[in-house]
Amino acid sequence: MGPARAERAALPRPRVRPDLDGLPLFRGRAAEAGMIGLDCNESPFPPPAAISAAISAAGELNRYPDNASVDLTTRLAERYGVPSAGLTLGAGSVDLCVRLIQITCGPGDEVVIPWRSFEVYPAIARTAGAVVRKVPLTAEHAVDLPAMAAAVTDRSRLVFVCSPNNPTGAAVTRTDVERFLSEVPPDVLIVLDEAYAEFTTGDADPLDGFGLVRELLGQGWTNVVALRTFSKAYGLAGLRVGYCLSATPVAELLGRVAVPYAVATLAQRAALAALECEQEVRNRCGHLVRERERMRTALLDGGWNVPVSSANFLWLPLGSIAVPFAAHCRGQRILVKAFPGEGVRVTVGADAENDAFLAAARQFVPADTADTARRASFG
Ligand SMILES: Cc1ncc(COP(=O)(O)O)c(C=O)c1O
């Protein structure tokens, strides 16, 4: 071994895909003690019943989980009035985003996405060798459905509609989505990503993609799916459970490309327990929606430009001062998510955390007066 290796001209190196060069790296949050985390759109409320259920399940850690998640799937099917065969569980809804691309796209196929939107979409599309077509948001920071429909070509295989859109918070209406569905060719898979659906209470003409897909399935449509997650409203981001409603053949394919045993027993049991506390979840979402509006009003009063949000976060289209503003917040021990040159996304947290953020925003002194003007007028 030793001499043979020494004789080699170069050190051994695997041949890897050159097309992955420059693939954007999802960094997520680095653990940092003592910070107020308003950067990941998490719930500030740990869910007590789900925690107890997860602790009770810990005695089974030596066993693989139920790969089909039968109990949770059955419960979700009852909850939404849909057949179990159309429900697929994943390790977070991001796992399902990945699998939806895997079952539709090969090298050179196109994925159409709104932009800016969930930052993971381009990376997972490119990982499959697919080409990403980014469609700019409207001036109101919303998904531009007519432009998305116009961007579909005969190479397009999948379209993500993110509503409410991460990071801008704008939601599309059911009426607009229905029009969009009639404009997209029937062989393109349309994914309604509703990670923040539970925060749209009070919206006029809300999408409710699960309800829409249920109706469409009844009419024989098989090219529209909806995604939801336990990570946001249910407060289970740390356990990774998401779910997809689709036609049965799509669900079967999603099952074939799944990583075995991806949804842990702790996660399945916690999600089941969380579903038993729906009223509590609704109350918490209602509270966060009220907090969102309190924060928005305070920011608007302070001269900030803050688009309407239907999610558990707000978008500040700060342009060139996004990074300095996030750095200022960090200096106050508050983490927000900066998108350099575009804006800052701030999650609605616990009341005191929101107060701390509003105080930090009030203290922010832009580097020059032009920035002050931009704060109010950008976007
Ligand atoms: C729009 C959107 N979709 C999907 C996800 C994935 O969530 P999870 O994998 O935790 O279910 C997120 C997470 O931030 C999101 O913002």
Side-chain angles (χ1 to χ4, degrees), residues 25-35 37 39-80 82 84-103 120 123-124 127 193 195 198 227-246 251-281 284-285 312 335 347 349-350:
L25 175 67
F26 179 76
R27 290 186 192 278
R29 169 187 296 153
E32 238 179 309
M35 302 296 277
D39 56 336
C40 288
N41 296 346
E42 299 148 325
S43 168
F45 307 120
I51 293 171
S52 305
I55 291 170
S56 308
E60 295 166 52
L61 283 181
N62 56 318
R63 302 289 175 196
Y64 285 111
D66 170 7
N67 193 47
S69 306
V70 172
D71 291 347
L72 181 54
T73 307
T74 307
R75 180 72 187 81
L76 282 168
E78 284 165 16
R79 157 84 171 69
Y80 287 104
V82 296
S84 302
L87 282 171
T88 309
L89 266 74
S93 55
V94 74
D95 172 21
L96 295 159
C97 294
V98 171
R99 285 151 71 187
L100 286 162
I101 290 178
Q102 282 176 333
I103 67 167
V120 169
I124 57 180
T127 303
D193 184 347
E198 294 85 353
L227 295 178
R228 294 216 177 166
T229 179
F230 283 93
S231 296
K232 312 295 178 181
Y234 289 86
L236 290 181
L239 278 177
R240 319 297 305 120
V241 193
Y243 49 105
C244 177
L245 176 61
S246 70
E252 279 170 5
L253 273 176
L254 288 173
R256 288 185 196 189
V257 297
V259 170
Y261 303 124
V263 186
T265 302
L266 266 64
Q268 295 183 31
R269 298 280 171 78
L272 268 170
L275 285 172
E276 297 309 315
C277 310
E278 293 258 47
Q279 189 52 49
E280 188 182 313
V281 172
R284 288 176 167 181
C285 289
N312 65 337
L335 300 176
T347 305

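Please read all numbers here as calculations on a predicted model, not as lab measurements.
- Here the side chains of Arg240 and Val94 are in contact, with some heavy-atom distance below 4.5 Å.
- The two residues Ser43 and Gly235 come nearest to each other via the heavy atoms CB-CA, 3.8 Å.
- Relative orientation of the Tyr243 and Tyr80 rings is tilted, given thresholds of 30° and 60° on the angle between their planes.
- For the atom pair Leu245 CG and Leu96 CG, the distance stands at 11.5 Å (nearest 0.5 Å).
- Side chain of Glu42 to backbone of Ser231: no donor-acceptor contact under 3.5 angstrom is found.
- The only option from Glu278, Arg228, Glu198 that meets the side-chain hydrogen bond (donor to acceptor under 3.5 Å, both in side chains) definition with Tyr234 turns out to be Glu278.
- In this structure, Arg75 does not pair ionically with Asp71, as no charged nitrogen and carboxylate oxygen lie closer than 4.0 Å.
- Identified under the side-chain hydrogen bond (donor to acceptor under 3.5 Å, both in side chains) test for residues 51-62, with sequence neighbours left out: Glu60-Arg269.
- A donor-acceptor contact shorter than 3.5 Å links the side chain of Thr347 to the backbone of Asn41.
- For the side-chain contact (heavy atoms from CB on, under 4.5 Å) with Val70, the lone residue among Thr74, Thr73, Leu72 that qualifies is Thr74.
- Screening residues 84-103 for ring-ring contact (aromatic ring centres under 6.0 Å, His included), with sequence neighbours left out, gives no hits.
- Inter-residue side-chain proximity for Cys244 and Leu87 is flagged as unmet; no heavy-atom pair is nearer than 4.5 Å.
- Panel note: side chain Asn67, backbone Tyr261; a donor-acceptor pair is recorded below 3.5 Å.
- Between the side chain of Ser93 and the backbone N or O of Thr229, no donor-acceptor pair lies under 3.5 Å.
- Residues Arg63 and Thr265 fail the side-chain proximity criterion, which asks for heavy atoms closer than 4.5 Å.
- Nearest heavy atoms, Ala273 versus Ala53: CB-CB, 3.6 Å.
- Note that the CG atom of Leu89 and the CG atom of Leu76 stand 6.0 Å from one another [nearest 0.5 Å].
- A heavy-atom distance below 4.5 Å is not found between the side chains of Glu280 and Pro47.
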Exercise. Between Asp95 and Val263, is a side chain to side chain contact (heavy atoms under 4.5 Å, CB included) present by the stated rule, with each step listed?
Worked result: CA-CA 10 Å; Asp95 172 21; Val263 186; 5.5 Å; no

Exercise. When you look at Val120 and Cys97, which way does the side chain to side chain contact (heavy atoms under 4.5 Å, CB included) test go after all the steps?
Worked result: CA-CA 9 Å; Val120 169; Cys97 294; 5.9 Å; no

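- Atoms CZ and CD1, on Arg99 and Ile101 in that order, are 13.0 Å from each other to the nearest 0.5 Å.
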For this session: Kindly determine whether Gln268 and Val241 satisfy side chain to side chain contact (heavy atoms under 4.5 Å, CB included), including the steps that lead there.
Result: CA-CA 7 Å; Gln268 295 183 31; Val241 193; over 6 Å; no

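- Under the 4.5 Å side-chain criterion, counting only non-hydrogen atoms from C-beta, Leu227 is in contact with Leu100.
- Across all their heavy atoms, Ala54 and Leu239 have their closest contact at CB-CD1, 4.4 Å.
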For this session: Evaluate the side chain to side chain contact (heavy atoms under 4.5 Å, CB included) criterion for residues Leu275 and Phe230: first the C-alpha distance (whole Å), next the side-chain angles of each, then the deciding distance (0.1 Å), finally the verdict.
Result: CA-CA 9 Å; Leu275 285 172; Phe230 283 93; 3.9 Å; yes

